[in-house]
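Below, chains carry the letters A, B, ... as their sequence lines are ordered, and counting in each starts from 1.
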Amino acid sequence: MTDPTPDAASAAEDGTDLLAVRRAKLDRLRAAGVDPFPHDFDGVEPIAEVRARHEGLEDGAETDVRHRIAGRLRARRGQGKMAFLDLDDRSGRIQLQAKLDVLGPEVMSRLLDDVDLGDLIGIDGVAFMSRRGELSIRVEAITVLAKSLRPPPDKHHGLQDQEVRQRRRELDLIGNEDTRRAFVMRSRIVSEIRRFLDGEGFLEVETPVLQPLYGGALARPFTTHHNALGRDLYLRIATELYLKRLIVGGLERVYELGKNFRNEGISHKHNPEFTMLEWYEAYADVEDAADRLEACVSHVAAAVGYEGEIRWTEPWARKTLAGAIEEETGIDVLAHRTSESLAAVVRASDRTDVDPDGRTWPQLVDDLLSKDVEPKLQQPTMLFDYPVELSPFAKRKRTETGEDTGLVERFEAFALGMEIANAFSELNDPDEQRRRFEEQARLELEGDDEAQQYDESFVEALEQGMPPTGGLGLGIDRLVICMTGRSTIREVVLFPTMRD
RNA sequence: GCCUCGGUAGCUCAACUGGUUAGAGCAGUGGACUCUUAAUCCGAAGGUUGAGGGUUCGAGUCCCUCCCGAGGCACCA
């Protein structure tokens, strides 16, 4: 910045311009020969470790243990010959005691007059227990580590404004302990998932985000353009098809944990970019995927110390989709296999408010599921046996007679009234897969802009021979919502998509 | 995309059915204070009430348009 104008200088003096006040202090530090942005600060101890070291110290007890800590200054009490301050680091908070007779007038003034709330400072000092039983550090030396030129969020109320909390997540993290806890929990959940799958012999892999065709889910994509190749590419909506090619290649157990992108609405459970885990296991089917999902999620819940209302431990409830719909609505969708007959029953029912006009049979089934069943599934529940029309990559359901039920071997898992996972016995018959793509192509011609694109290279991969395979997708954001007790995806995504 | 609600000081919130000069706490600022912890006490300061237009003697408050957010619907795993 340039020199403050006379107006700015007077605004700094009377304290009306908060930014100018801070810049004036920055200038004072520099004038006193203090570097307000030094390069490092060696030998810092996490505050939590300092606390652990002195656990059980009696009220009023002194120690001769010297500590070096660093963090953001959060609060300050007292302005005279002694002051107390609170310092935050990533591991916790600790009280500092600054005494004039220890520091001398010059250092005391630096701490009280030139350092602001929100500044990053380093402290050398001795631990003691205050008379009121608060572990504290008696400051012997301070080091300015970075001047904060903007005021921090309210020290007591934190930052409440939803918009600012999401657009300026750093402020949310500084001001709101809850937010910090939730995102620490998210990181631990993700690393426990990796630990679990790695322990089961899975390989973590990376497949393309930029794809010439989009597939593996029913959704509209984001489109972008590659200049040198002179062609459009799509941001992936799923990792499914590439991962199955790796199963063909013999990797046998693979997973990918990363972002998918879907060009659709934003809601409390939808963000345009979201984190998905997909795994594929050779010589396994949908039942194996279900067992592994239970094992994985209950491991994660225990490892991160989940303490909420959801019972993640095995076994989870398992039902059929049709059974669950009948339970909630009294409608047996399998007894009415055409859109007309199902629509008639839906219309006649007083237990659902689904509007059947213009809906196909699979759409109606989906409507009944999402309106009448899904909201009821608060505890972890897996629903099996989905209509083939909604599942272009799943194997048809085995039956004793060999008859075609129109169902596939697939389940979706739900918790807190949200879908969190989706799995099936992967279709590995290339001719059947080709027919499913052709059916999707027909739907696209009819104007369904979410139909699957015909992916010939994927069919060729299946022609190479894919072993029987169980695959699963787990929505990480939604799992984190459940495990952190948050109500929306925006609370568990660091920087959710916002308007400009 | 549609409906409803909201946007007031840097932050957290007030302001009855349209009526004096839009209030308070925190932060900041000047001062007092050597065990405080949402420290306390005294003083002064801080506002284009999201933006723009309109109705009215008078608008934070009513109407219109736009921006941003929240909730719901639609779309969608």
*Would you classify A:Y386 as touching base, sugar-phosphate or nothing, given that sugar-phosphate means primed atoms plus P, OP1 and OP2, and contacts are heavy atoms under 4.0 Å?*
base
Expected list for residues 120-129 of chain A: side-chain donor-acceptor pairs under 3.5 angstrom, two or more places apart:
from, atom 1, to, atom 2, distance (Å)
A:D124, OD1, A:R68, NE, 2.9
A:D124, OD2, A:R68, NH2, 3.2

*From the list B:rC76, B:rG72, B:rG69, which nucleotide is the closest neighbour of the side chain of A:H268?*
B:rG72
*Roughly how many Å is it from CD in A:E491 to C1' in B:rA70, rounded to a whole number?*
12 Å
*Within this structure, what is the NZ-to-C1' distance between A:K371 and B:rC76, rounded to whole angstrom?*
12 Å
*Would you kindly give the CZ-to-P distance between A:R262 and B:rC76, to the nearest whole Å?*
13 Å
*asked:* At less than 4.0 Å, is any side-chain N or O atom of A:Q166 found next to OP1 or OP2 of B:rA70? Yes or no.
replied: yes
*Base, sugar-phosphate alone, or nothing: which one does A:S391 contact when heavy atoms must sit under 4.0 Å apart?*
nothing
*Using atom CD of A:Q160 as one end and atom C1' of B:rG7 as the other, report the distance to the nearest whole Å.*
15 Å
*Please give, in whole Å, the distance from B:rA9 P to A:L19 CG?*
16 Å
*Looking for any heavy atom pair under 4.0 Å, which part of the strands does A:R168 touch: base, sugar-phosphate only, or nothing?*
nothing
*Residues two or more places apart in sequence or in another chain: which of them pass ring-ring contact (aromatic ring centres under 6.0 Å, His included) with A:Y454?*
A:F437
*Separation of atom CD1 in A:I266 from atom P in B:rC73, rounded to whole Å*: 16 Å
_What does the B/S/- profile of nucleotides 22-38 of chain B look like, 5' to 3', with a 4.0 Å heavy-atom cutoff to protein?_
---BBSBS---BBBBBB
*Which part of the nucleic acid does A:R74 contact within heavy-atom distance under 4.0 Å: base, sugar-phosphate only, or nothing?*
nothing
*Could you check A:L407, A:L369, A:N422 and say which one makes a side-chain contact (heavy atoms from CB on, under 4.5 Å) with A:Y386?*
A:L369
*Between B:rG69 and A:R167, is there an OP1 or OP2 to side-chain N/O distance shorter than 4.0 Å?*
yes
Show every donor-acceptor pair shorter than 3.5 Å between a side-chain atom in residues 50-58 of chain A and any protein atom, with sequence neighbours excluded, or say none if there are none.
from, atom 1, to, atom 2, distance (Å)
A:R51, NE, A:R93, O, 2.9
A:R51, NH2, A:R93, O, 2.6
A:H54, NE2, A:H67, NE2, 2.7

*Would you indicate what A:R150 reaches in the nucleic acid, counting non-hydrogen atoms under 4.0 angstrom: base, sugar-phosphate, or nothing?*
nothing
*Looking for any heavy atom pair under 4.0 Å, which part of the strands does A:G473 touch: base, sugar-phosphate only, or nothing?*
nothing
*Of all residues at least two apart in sequence or in a different chain, which pass the side chain to side chain contact (heavy atoms under 4.5 Å, CB included) check with A:A290?*
A:R318, A:M382, A:F384, A:F411
_Going by the rule side chain to side chain contact (heavy atoms under 4.5 Å, CB included), which residues pair with A:R30 if we only count those two or more places apart in sequence or in a different chain?_
A:L26, A:P36, A:F37
